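Remarks on the structure that follows.
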Amino acid sequence: MIIYCLHHIKFESFGNLKEWALIHDYVLETTDPSTCHSFLSPDEFDMLVIMGGTMSIYEEDNHPWLHKEKAFVREVLRIDKPILGICFGGQMLAQLLGAHVGPNIYKEIGWHNVGKTPQCNTFLKGLPDTFPVFQWHSYTFDIPEDAVRLFESEACKNQGFIYNNNVIGLQFHPEANDMWIKELIHHCRGDMVQGRYIQNEESMLCRETELGISKKIMFQLLDTLSLIKL
């Protein structure tokens with residue numbers, strides 16, 4: 001299986017995504033949309049993963065390459081390939097599916113609990129009712145028409161959705177492992193202002209229990225998408 005990853009942050013590692021691919025002996029192909037001249041053809045990969053980003057999905061004037069990336073993702077949506085969008089990637093999927101994306105009331109940074117909705121069990125079985133996930137965002141998405149909300153939290157109502165049984169958009173970061181978090185803190189420390197849902201560095205690092213749960217959630221999401229028959 002070939003996993004095609006759109007990667008927007010140069011310092012960001014692939015965390016639990018790379019580990020999952022290695023365990024299954026899958027190929028992980030990556031592209032930075034800000035510098036690439038062309039994307040893979042959709043028939044050259046089996047699953048698309050859209051990673052996070054520091055820009056807004058509406059910043060085409062500052063990042064003209066967003067036009068090309070959105071056109072590519074729209075084409076992949078059209079042919080019903082499995083897609084996972086994380087944070088910025090989830091927001092892009094929501095926008096391309098017709099939903100609004102805008103500032104959340106609260107900025108979320110650090111480990112915070114999300115709860116699964118009653119509908120979640122239809123698509124993702126065996127998850128606990130509530131579990132900790134890593135967050136780093138100030139924007140959020142509405143749930144697209146015909147999509148189903150999967151997760152919600154105290155600070156952000158829409159933490160995840162599934163569309164057409166093959167597209168999952170998330171607001172949180174299940175790819176986060178300890179090195180991934182350390183890199184984000186190092187490069188984005190300016191985001192760590194005082195806030196109701198903003199943790200300090202000490203509270204975010206070396207959280208073995210939460211890291212284990214994060215890995216389990218990421219693996220289950222990817223396993224679910226990898227089983228889709230095209």
Side-chain angles (χ1 to χ4, degrees), residues 3 5 9 12-24 26 28 47 49-52 82-91 93 104 106-137 140-141 148-162 167-186 188 191-192 195-227:
I3 315 301
C5 181
I9 305 175
E12 184 181 41
S13 62
F14 299 96
N16 292 326
L17 170 62
K18 184 174 183 179
E19 183 173 348
W20 177 83
L22 287 171
I23 287 171
H24 292 282
Y26 294 155
L28 182 62
M47 183 194 305
V49 178
I50 312 169
M51 300 287 278
I83 306 176
L84 174 64
I86 299 172
C87 199
F88 172 84
Q91 294 168 10
L93 289 173
N104 194 43
Y106 300 104
K107 180 181 286 188
E108 277 188 301
I109 292 179
W111 292 101
H112 299 285
N113 284 336
V114 300
K116 67 180 183 182
T117 64
Q119 295 82 7
C120 182
N121 285 330
T122 304
F123 307 99
L124 297 166
K125 301 185 186 303
L127 296 180
D129 291 338
T130 304
F131 51 90
V133 296
F134 194 80
Q135 306 270 11
W136 199 294
H137 72 99
T140 187
F141 46 71
V148 176
R149 180 187 292 110
L150 296 176
F151 310 111
E152 54 194 4
S153 72
E154 184 178 285
C156 182
K157 182 179 181 181
N158 298 324
Q159 289 283 353
F161 66 85
I162 189 166
V167 176
I168 296 176
L170 302 175
Q171 190 55 74
F172 57 89
H173 288 275
E175 79 277 29
N177 59 20
D178 210 42
M179 181 56 67
W180 185 97
I181 294 170
K182 287 176 181 176
E183 290 170 345
L184 201 60
I185 291 172
H186 175 73
C188 300
D191 292 344
M192 295 165 58
R196 182 174 177 180
Y197 297 97
I198 299 177
Q199 294 178 344
N200 59 31
E201 181 174 352
E202 184 179 359
S203 298
M204 287 189 261
L205 294 176
C206 301
R207 301 282 291 267
E208 294 304 319
T209 298
E210 289 84 352
L211 289 166
I213 293 170
S214 183
K215 181 191 292 189
K216 180 180 178 181
I217 298 302
M218 183 62 158
F219 283 17
Q220 184 165 352
L221 290 165
L222 292 167
D223 286 343
T224 298
L225 289 172
S226 70
L227 293 173

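On a predicted model such as this, the values are computed, not experimentally measured, just so you know. The chain is numbered in sequence order, starting from 1.
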TODO: Can you measure from CG (Leu17) to CD1 (Ile3) and round to the nearest 0.5 angstrom?
DONE: 7.5 Å
Task: Results of side-chain contact (heavy atoms from CB on, under 4.5 Å) for Cys188 - residues two or more places apart only - done: Phe11, Trp136, Leu184, Asp191
Open item on the list: Ignoring hydrogens, what is the shortest heavy-atom contact between Cys5 and Met51? Give both atom names and the distance.
Closed with: SG-CG, 3.3 Å
Task: Non-hydrogen atoms of Leu84 and Leu222 that approach each other most closely - done: CD2-CD2, 3.9 Å
Which donor-acceptor pairs under 3.5 Å do the side chains of residues 117-128 make with protein atoms, sequence neighbours left out?
| residue | atom | partner | partner atom | Å |
| --- | --- | --- | --- | --- |
| Thr117 | OG1 | Gln119 | OE1 | 3.3 |
| Thr117 | OG1 | Cys120 | N | 3.4 |
| Thr117 | OG1 | Arg149 | O | 2.7 |
| Thr117 | OG1 | Leu150 | O | 3.4 |
| Asn121 | OD1 | Lys116 | NZ | 2.8 |
| Thr122 | OG1 | Gln119 | O | 3.4 |
| Lys125 | NZ | Asn121 | O | 3.1 |

Task: Test ring-ring contact (aromatic ring centres under 6.0 Å, His included) applied to Phe88 and Phe141, step by step - done: CA-CA 10 Å; Phe88 172 84; Phe141 46 71; over 10 Å; no
Task: N/O donor-acceptor pair under 3.5 Å between Trp111 side chain and Met204 backbone - done: yes
- [ ] Heavy atoms only: give me the nearest Glu201-Met192 pair and the separation to one decimal.
- [x] N-CE, 3.7 Å
Task: Polar side-chain atom of Glu175 near backbone of Met218 as donor-acceptor pair, under 3.5 Å - done: no
Open item on the list: Can a donor-acceptor pair be found, under 3.5 Å and without considering hydrogens, that links the side chain of Asn158 to the backbone of Glu152?
Closed with: no
- [ ] Return yes if a side-chain donor-acceptor contact under 3.5 Å exists between Ser203 and Asn200, otherwise no.
- [x] yes
Task: Non-hydrogen atoms of Pro174 and Asn16 that approach each other most closely - done: O-ND2, 2.9 Å
Task: Asn177 (side chain) donor-acceptor with Trp180 (main chain) under 3.5 angstrom - done: yes
Open item on the list: If the condition is ring-ring contact (aromatic ring centres under 6.0 Å, His included), which residues does Tyr26 pass it with, not counting sequence neighbours?
Closed with: Trp20, His24
TODO: Say whether, by atom type as modelled, one donor and one acceptor occur between the side chain of Asp178 and the main chain of Cys206 under 3.5 angstrom.
DONE: yes
Open item on the list: Show the nearest heavy-atom pair for residues Val114 and Ser153, with the distance to one decimal.
Closed with: CG1-CB, 4.0 Å
- [ ] Could you pull out the closest heavy-atom pair between Phe134 and Phe172, with the gap in Å?
- [x] O-CB, 3.6 Å
Open item on the list: Is it the case that the side chains of Gln199 and Glu108 hold a donor-acceptor pair, with the cut-off being a distance below 3.5 Å and no angle test?
Closed with: no
TODO: Supply the atom-to-atom distance Leu22 CG to Phe14 CZ, rounded to the nearest 0.5 angstrom.
DONE: 11.5 Å
TODO: Return yes if some donor-acceptor pair links the side-chain N/O of His112 with the main-chain N/O of Tyr197 below 3.5 Å, else return no.
DONE: yes
- [ ] Without swapping roles, check the side chain of Ser214 against the backbone of Leu211 for a donor-acceptor pair under 3.5 Å.
- [x] no
